[in-house]
Each structure stands twice: as structure tokens, then as C-alpha cells.
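Being a predicted model, the structure only gives us computed values, none of them experimental. Residues take their numbers from the sequence shown, with the count starting at 1. We use all heavy atoms of the structure for the numbers below, so side chains are in, but hydrogens, waters and symmetry mates are not.
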Amino acid sequence: MRVGGLIASRLRFKGRMAVLTIAISFLVIILAVSISDGFRETIREGIGRMAGEVVLSGPEGTVSTELSYLDDILELEGVESLRPVIYCPGIVIKGGELGGAVFKAYADSGPGSLKAIVPSGLATKLGLTEGDSFLGYFYSGKVRARRFGVEGLYDSPVQTASRELVFAEAEDLRRLMGYGPTTATAFELRLSQRYRNAEGMRRMAAEIATLCAQNAREDEDVLLAAAASDTYGRIFDWLDLIDFNVLAILVLMTLVAGFNMISGLLILLFRSTSTIGLLKALGMCERAIASVFLRVGARIALKGLLIGNGIALGLGLVQKWTHLVRLNPANYFVSYVPISIDAGKILLTDVSAFLIIMILLLLPCLFISKVEPSETLRIR
């Protein structure tokens, strides 16, 4: 063991308050990062499942599933899948209650059985349970009514009051809309993970729109591309605000932990003035003495880091598995606090915060240069 390490191991500084402060700071930091990532992943994944990251629509309100350039779109880097969908707006009635809904089907599924999967929010409003039936009223040139059976319920990770999606089978909606077997309302594209952010969706939508315009034959419609980040702009702006708030929390809590460590280390330095004078008298340079006290500070900071991380990860896993803390989806778009634990990001956050704390601890080490051995040591 080197001399500096040996001396640091012999210094007695409990620093319980410093450890507690750092543990609380890292607890808040890790929870903030995990919750922010959870919101981002849950909402983006929900939007992707419900409406796709990019939507292609035709100028006439319908699209053909036999367009010649669809394969070119699928070959683009970042495009995982392209599926034709049928949308059919309607009104759902059960007893004396009614609600607006958009019926949706993937155009390559379902022979038609008048079965539907209903969002739990709409089901609660209308008093529907699995096995019940309801009337759906639709307008496409004339009013049509159909009785659907409730095949199942689902919880949407993204819930808004203005758009409840009821999933039905393709053939049922084709009949209601008067579509042929090669006609759909739009195409939904799923993008790879690296493009599932606001800028990536916009860039892909622009690239796809350009490809459609260049590759369309004269007898084919040019499809229009819309990014989900533009369609759901309010939600993505809210996610950006969360990211800004998390950054503010990271900076604030790191500074709080750092300045608490500064005060703790100053107390240790004041108590160890005679030790500092003795070490100087024995020929140890100021840099080596500072490293001794930095080792003590690092030990305390690391202890607080580990405690804070342990508690934060424990609470995060409990919330991830149980959804114990609930939210109002009308305000937060999701019905519970989502958690995403990214080990790489947590490790990077820990290392960054720890390094900042250690840099801040260089400030109290300037006190060492002020200590004079002749003033701190009494030679008889």
C-alpha cells in the first residue's frame, strides 16, 4: 500500500451527514433519469403501436396497396415495417351512453366477424366488459349501424380523450367504407430504435416523401408522409420539457452533493491541521497531502453513491413490476409512472456526477497550502 493510501485509511472521519446527502442526491438523480427514460420509451412505443412513427396518406383520402414504389420504401435504412391500415370514424353506443371512436384494422388481417377490441377507458365509460356487445354508427355516404361483440379490452400506454382506437377486423371495415381488397386508408411505418425520436422521425418522413415523389409512376398517386412527432407535437414537446427538467435536476443535485462534500472535507482539514503540518515537515509535498484527503472524500462519495443507487434501483424495480404509483392519463398521457432502467446510462450518470464532485473537492484542498508547519507543530 502506498503511503498516501495508508494515511487515508488511518484518518477517522465518519461524515454521516455527507454520506446521507450524497445518497439522497444520487437517489434523486437515478430516479429522475429512469423516470425520464420510462416516459420517453413508453410514450414513443405507444404512439408507434397505435399510429406508427411515419404515416403515408394519399391525396384522395385512400391509398392503393399495389403501388410500385412500396418495396423501395421498405429497403430504406431505418424502416422496419410498412403496413396498410383502414380507419373508420364512428360513434359507439351502449345503453344510454355513447362515445366517439376511430375503428382501426390492418388491411391484411381478419376475414370479418364483427368482433372488436376496445380500450379500457372507453369500456369503463360505456360499462362494457368482455363478451358484451355495442352498436357502432358510421357515415360513409350514408349512415350505417353494426353491432360489434367485445372480444377483449386493452390498456393503451398513450391515452387521450379525443381519440379512442377500437381495433376491428379488416373485412368489416372494408364493407363499411366501401373499400376493395387493394384499398386502404393509409400506410403506417415502424422505424428502427435509433430513429424513434422527434428529429429522426422528421428526417425519415422527409426522405420517404422525396422517394415517393421520385419513384411514383405517372398513373400513381404520390403519397404524403407525416411524422408522428409532428402529428403528436404536444406530446413530444412535453417529453423535451421532461428532458430539460431532468438535466436541471442532475446539475442541481450534483452541486448539492458536491458542496456538502466540500463542507465535510473542510471540517476534516481543519481537524487535521496538525497532521498536515507534520506531513509537510516530513517532506511530503502539498499535492501528495491533497491526494490523501481526496481519497477520504472519494471514499465517502462512493459510499453515498452506492447507497443511493441501491435504494433508487430497488424503488425503480418495484414500480416497474407493480405500477404502484399511478398517474392521471389526461395530464401525463400514461396511467402510471413508467420506469426504464438503462444500466449504461445509469453508469455514465454515476461516473459523471462522481467526477464533478471530485473536481469540486479540489477547492478545499487549497487550504493545505495555507498550513505552515512552524505554526501547527510545537517543538519543545
Side-chain angles (χ1 to χ4, degrees), residues 15-48 155-159 193 196-198 232 234-264 297-361:
R16 293 178 181 175
M17 187 55 67
V19 172
L20 177 61
T21 303
I22 291 176
I24 293 174
S25 297
F26 276 97
L27 167 65
V28 174
I29 287 172
I30 299 306
L31 284 180
V33 170
S34 299
I35 291 172
S36 172
D37 287 350
F39 270 113
R40 190 182 303 107
E41 289 183 12
T42 301
I43 291 177
R44 287 176 181 171
E45 182 65 23
I47 290 174
D155 290 318
S156 170
V158 180
Q159 301 177 16
Q193 186 66 38
R196 291 178 187 172
N197 55 70
Y232 298 93
R234 185 168 67 97
I235 296 179
F236 280 85
D237 289 342
W238 183 74
L239 289 175
D240 291 338
L241 180 61
I242 287 181
D243 291 341
F244 177 79
N245 290 339
V246 169
L247 179 61
I249 290 173
L250 295 180
V251 173
L252 179 61
M253 297 310 296
T254 300
L255 291 178
V256 167
F259 284 113
N260 273 278
M261 278 300 304
I262 287 175
S263 63
R299 190 170 61 221
I300 295 171
L302 186 60
K303 185 176 181 180
L305 183 154
L306 293 175
I307 293 173
N309 274 252
I311 297 174
L313 292 174
L315 293 175
L317 290 173
V318 169
Q319 175 62 20
K320 185 180 180 69
W321 292 332
T322 66
H323 299 167
L324 188 63
V325 181
R326 309 296 294 183
L327 296 174
N328 182 354
N331 297 326
Y332 296 97
F333 305 105
V334 293
S335 59
Y336 58 89
V337 176
I339 297 289
S340 176
I341 298 177
D342 185 332
K345 180 172 288 188
I346 290 175
L347 180 61
L348 178 62
T349 302
D350 283 339
V351 171
S352 301
F354 182 80
L355 290 177
I356 292 173
I357 290 173
M358 295 308 298
I359 291 171
L360 290 174
L361 288 183

**Q** Check Ala312 against Leu31 and note the closest heavy-atom contact, atom names and distance.
**A**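 That closest heavy-atom pairing would be O-CD2, 3.7 Å.
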**Q** Keeping the roles fixed (side chain from Thr322, backbone from Val318), state whether a donor-acceptor pair exists under 3.5 Å.
**A**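 Indeed, once roles are kept as given, a pair shorter than 3.5 Å links the two residues.
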**Q** If you take all heavy atoms of Ile22 and Ile300, which pair is closest and at what distance?
**A**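 Reported closest heavy-atom pair: CD1-O, 4.4 Å.
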**Q** Please report the C-alpha distance between Ile242 and Arg40 in whole Å, then the side-chain angles of each, then the deciding distance to 0.1 Å, and finally whether the side chain to side chain contact (heavy atoms under 4.5 Å, CB included) criterion is met.
**A** CA-CA 9 Å; Ile242 287 181; Arg40 190 182 303 107; 6.0 Å; no
**Q** Please name the pair of heavy atoms, one in Ile339 and one in Gly316, separated by the smallest distance, quoted to 0.1 Å.
**A**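 Where Ile339 meets Gly316 most closely, the heavy atoms are CG2-O, 3.7 Å.
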**Q** Considering residues at least two apart in sequence or located in another chain, which fulfil the ring pair (Phe, Tyr, Trp, His ring centres under 6.0 Å) criterion with Phe26?
**A**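 Partners of Phe26 under the ring pair (Phe, Tyr, Trp, His ring centres under 6.0 Å) test: none.
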**Q** How many angstroms lie between atom OG of Ser25 and atom CD1 of Ile249, to the nearest 0.5 angstrom?
**A**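 Result: 11.5 Å between the selected atoms.
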**Q** Distance from Asp350 atom CG to Leu302 atom CG, nearest 0.5 Å?
**A**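 Asp350 CG to Leu302 CG: 9.5 Å, rounded to 0.5 Å.
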**Q** Using side-chain contact (heavy atoms from CB on, under 4.5 Å) as the criterion, point out the one residue from Asp37, Ile29, Asn309, Val351 that pairs with Ile346.
**A**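 Output: one option passes, namely Asn309.
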**Q** Applying side chain to side chain contact (heavy atoms under 4.5 Å, CB included), run through Leu241 and Asp237 and close with a yes or a no.
**A** CA-CA 6 Å; Leu241 180 61; Asp237 289 342; over 6 Å; no
**Q** As an exercise, state the distance from OG of Ser34 to CG of Leu317, rounded to the nearest 0.5 Å.
**A**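 Output value for this atom pair is 9.0 Å.
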**Q** Would the distance check show the side chain of Gln319 and the main-chain N or O of Val325 forming a donor-acceptor pair, the cut-off being under 3.5 Å?
**A**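 Side chain of Gln319 to backbone of Val325: a pair is present.
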**Q** Side-chain contact test, heavy atoms from C-beta onward, threshold under 4.5 Å: evaluate it for Thr349 versus Phe354 and give yes or no.
**A**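 They are not in side-chain contact.
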**Q** Show the atom names and distances, to 0.1 Å, of all donor-acceptor pairs under 3.5 Å that link a side chain in residues 251-258 to residues at least two apart or in another chain.
**A**
unit_1, atom_1, unit_2, atom_2, d
Thr254, OG1, Leu250, O, 2.6

**Q** Evaluate side chain to side chain contact (heavy atoms under 4.5 Å, CB included) for Tyr336 paired with Thr42, printing each intermediate quantity in order.
**A** CA-CA 10 Å; Tyr336 58 89; Thr42 301; 4.1 Å; yes
**Q** Any side-chain heavy atom of Ile307 within less than 4.5 Å of one from Leu20?
**A**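 They are not in contact (no side-chain heavy atoms under 4.5 Å apart), so the answer is no.
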**Q** Rounded to the nearest 0.5 Å, what separates atom NZ in Lys345 from atom OG in Ser340?
**A**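 One gets 8.0 Å once the value is rounded to the nearest 0.5 Å.
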**Q** When rounded to the nearest 0.5 angstrom, what is the spacing between CG in Leu315 and CG in Leu324?
**A**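 If we round to the nearest 0.5 Å, Leu315:CG and Leu324:CG are 10.0 Å apart.
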**Q** For a side chain to side chain contact (heavy atoms under 4.5 Å, CB included) check, start with the C-alpha distance between Val246 and Ile35, then their side-chain angles and the critical distance, and finish with the verdict.
**A** CA-CA 9 Å; Val246 169; Ile35 291 172; over 6 Å; no
